[in-house]
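Inspection log for the structure reproduced underneath, given as structure tokens.
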Amino acid sequence: MEQLLNYIGANMEMVYFLILAILLGVEVISNVPAILHTPLMSGANAIHGVVVVGAIIVMLQASPENYLALTVGFLAVVVGMLNVIGGFVVTDRMLEMFKKKPKKS
Amino acid sequence: MINLNILEISYLIASLTFIIGLKMLSHPDTARKGNLWAAAGMGLAILTTLTLYQDFDSAKGLNYVLIFVGLLVGTVIGTIMAKKVQMTAMPQMVSFFNGMGGACAALIAIIEFQHHQHSQITGFDGELLVMLLGLLIGSVSFSGSMIAYGKLEGKIKDKVLPMNQVINMVLLAAIIGLIGYQMFAGSDPVLFFILLGIALVYGVLFVMPIGGADMPVVISLLNSFTGMAAAFGGFLYDNKAMLTGGILVGSAGTILTILMCKAMNRSLTNVLLGAFGAGAAGS
């Protein structure tokens with residue numbers, strides 16, 4: 001327990017960051033009209049594709065002889081990029097469709 | 001050093017575009033622009049990471065080649081899939097891409113775990129916890145999203161296993177046990193991969209009993225899961241762009257899930273357990 005408290009104490013800045021970001025996420029979308037639920041979900045889906053940055057870092061840290069890490073990391077980069085590109089393109093296509101309809105929400 | 005500062009600033013800008021993008025996405029007039037803003041921020045974060053990130057034993061040519069090939073393959077396949085998909089098939093496409101993000105987070109956790117094996121940490125090992133949670137949530141999100149995708153595509157039928165909810169509870173207890181044990185007794189590769197397997201099965205059984213019409217809600221929930229998994233990745237590398245993006249999507253996604261349930265006049269518990277109740281009553 002003491003170790004856990006020490007850990008939290010040492011990372012207090014991170015804890016603040018976490019809590020404020022959670023509240024911000026709640027606040028930022030709280031007034032979304034029902035018609036935008038699906039595009040917003042898709043847009044958020046694209047944003048968590050930022051995990052690809054982690055995949056790139058993994059690859060940059062891997063030693064060139066570590067073929068296991070390189071292979072798994074390569075896969076991670078591919079699927080992460082799929083998430084980013086696919087997410088943004090699909091969202092854009094959805095919203096493009098919305099434009100042609102009269103806006104009622 | 002200058003490079004690292006520029007990198008951090010670019011992450012700050014990316015974080016801002018994610019927040020602004022989400023905000024704009026929740027208004028009909030600005031939604032499309034918001035999406036582009038977020039995409040621009042994402043592009044910036046990827047580009048600066050590629051060019052400015054420095055490690056002590058920095059990467060060699062092969063690593064860069066693999067990264068570029070990976071980015072290219074992901075971009076090409078992603079664009080083709082997203083452009084070709086029918087408008088009516090959009091939700092399952094979102095689910096598919098969401099699953100890919102979850103897989104990415106889980107794969108990162110797997111590699112980092114291999115590195116972690118060599119370090120001897122005594123006391124509370126926050127890094128290990130973050131890794132295990134990233135693996136868990138990433139793989140649940142991956143397998144769950146793939147099932148949701150298959151269901152909406154009509155490739156997988158609604159099926160309720162006998163005692164599905166009981167099995168889920170047992171799996172959940174096993175997951176908590178595996179993580180708890182490793183927190184006390186130190187990391188163990190065998191247990192790590194058992195955890196991976198159970199998490200994948202749990203994702204399947206979690207989505208399996210839920211009816212097709214409720215799928216968008218489940219996809220939204222899995223979406224926020226992947227956000228959390230990305231945030232855990234951010235903790236590992238102390239990467240602010242991953243942290244903001246992940247946490248924002250984690251919390252906004254959860255609220256969005258609840259809003260979607262409300263729009264259908266139902267509660268989240270009702271959606272998640274509703275199909276199970278109906279199945280139990282029928283049997």
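Below, chain A is the first sequence line, B the second, and so on; all start at residue 1.
Atoms CE and CZ, on A:M97 and B:R32 in that order, are 11.5 Å from each other to the nearest 0.5 Å. The distance from the CD1 atom of A:I47 to the CE atom of B:M42 is 6.5 Å, given to the nearest 0.5 Å. Remark: A:L68 CG to B:Q114 CD distance equals 5.5 Å, nearest 0.5 Å. Here the CG atom belonging to A:N45 is positioned 5.0 Å from the CG atom belonging to B:N98, to the nearest 0.5 angstrom. Atom CE of A:M41 and atom OG of B:S95 lie 8.0 Å apart (nearest 0.5 Å). A distance of 12.5 Å separates CD1 of A:I56 from CG of B:N63, quoted to the nearest 0.5 Å.
What you find for B:I255 and A:V26 is that their closest heavy atoms are CG1-CG2, 3.6 Å. The minimum heavy-atom distance between A:V90 and B:A82, with the atom names listed, is CG2-CB, 3.6 Å. The two residues B:M100 and A:L82 have their closest heavy-atom pair at SD-CD1, 3.8 Å. Residues A:M81 and B:G74 come closest through the heavy atom pair CB-CA, 3.9 Å. The two residues B:E127 and A:Y7 make their nearest non-hydrogen contact at N-OH, 4.0 Å. For the pair A:A55 and B:I108, the tightest heavy-atom approach, listed with the atom from each and the gap, is N-CD1, 3.4 Å.
Both the backbone and the side chain of A:V72 come within contact range of chain B, with heavy atoms under 4.5 Å apart. For B:A38, the parts sitting under 4.5 Å from any heavy atom of chain A are the backbone and the side chain alike. For B:M242, the parts lying near chain A are the backbone and the side chain together; criterion is any non-hydrogen pair under 4.5 Å. In this structure, the portions of B:I219 lying under 4.5 Å from any heavy atom of chain A include both its backbone and its side chain. Using a 4.5 Å cut-off between heavy atoms, B:F18 contacts chain A through both its backbone and its side chain. Neither the backbone nor the side chain of B:V76 has a heavy atom closer than 4.5 Å to any heavy atom of chain A. Only the backbone of B:K84 comes within contact range of chain A, with at least one heavy atom under 4.5 Å from a heavy atom of that chain. With a 4.5 angstrom heavy-atom cutoff, B:M260 touches chain A via backbone and side-chain atoms both. Neither the backbone nor the side chain of B:I80 comes within less than 4.5 Å of any heavy atom of chain A. For chain A, the nearby part of B:I111 is the side chain; its heavy atoms alone come within less than 4.5 Å. Contacts of B:K262 with chain A are absent, with no heavy-atom separation under 4.5 Å from either backbone or side chain. Contact of B:N239 with chain A is made through the side chain alone, with heavy-atom distances under 4.5 Å. Heavy atoms closer than 4.5 Å to chain B are found in both the backbone and the side chain of A:A69. The part of B:L62 that comes within reach of chain A is its side chain, from C-beta onward, which places non-hydrogen atoms under 4.5 angstrom from that chain.
Between chain A and the options B:V85, B:L66, B:I77, the largest number of non-hydrogen pairs under 4.5 Å is found for B:L66. By number of non-hydrogen pairs under 4.5 angstrom with chain B, the leading residue of A:I29, A:L24, A:V89 is A:I29. Counting heavy-atom pairs under 4.5 Å between each of A:V77, A:L70, A:V32, A:D92 and chain B puts A:D92 at the top. Of the listed residues B:V94, B:N35, B:L243, the one with more heavy-atom pairs under 4.5 angstrom with chain A than any other is B:N35. No other option in A:V53, A:L40, A:T91 has as many heavy-atom pairs under 4.5 Å with chain B as A:V53. The candidate from A:G80, A:G54, A:G87, A:A21 with the greatest count of non-hydrogen atom pairs under 4.5 Å with chain B is A:G54. Interface summary for chain A: among B:A252, B:A106, B:G78, B:G253, the most heavy-atom pairs under 4.5 angstrom belong to B:A252. Comparing A:G25, A:G43, A:S42, A:A46 by how many heavy-atom pairs each has under 4.5 Å with chain B, the most go to A:G25. Taking chain A as the reference chain and counting heavy-atom pairs below 4.5 Å, the highest number among B:V69, B:T254, B:I67, B:L222 is found for B:I67. Looking only at heavy-atom pairs under 4.5 Å with chain A, the residue among B:T257, B:T75, B:L248 that has the most is B:T75. Of the listed residues (B:L50, B:L71, B:T17), the greatest number of heavy-atom pairs within a distance under 4.5 Å of chain A belongs to B:L71.
Within 6.0 Å of the CD atom in A:E27, the count of heavy atoms belonging to other residues, nucleotides or ligands does not exceed 12. Atom NZ of B:K240 is surrounded by more than 12 heavy atoms from other residues, nucleotides or ligands within 6.0 Å.
Counting only distance, with no hydrogens or angles, the side chain of A:R93 and the backbone of B:K83 share a donor-acceptor pair below 3.5 Å.
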Side chain to side chain contact (heavy atoms under 4.5 Å, CB included) between A:L36 and B:L25, worked out: CA-CA 8 Å; A:L36 279 176; B:L25 268 167; over 6 Å; no
Test B:H27 against A:N31 for side-chain hydrogen bond (donor to acceptor under 3.5 Å, both in side chains), laying out the working first. CA-CA 8 Å; B:H27 294 284; A:N31 286 323; over 6 Å; no
Would B:F97 and A:V84 count as a side chain to side chain contact (heavy atoms under 4.5 Å, CB included) if you check the C-alpha gap in whole Å, the side-chain angles of each, and the deciding distance to 0.1 Å? CA-CA 8 Å; B:F97 291 131; A:V84 173; over 6 Å; no
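Taking 4.5 Å as the limit, some side-chain heavy atom of B:Y53 sits within range of a side-chain heavy atom of A:Q61.
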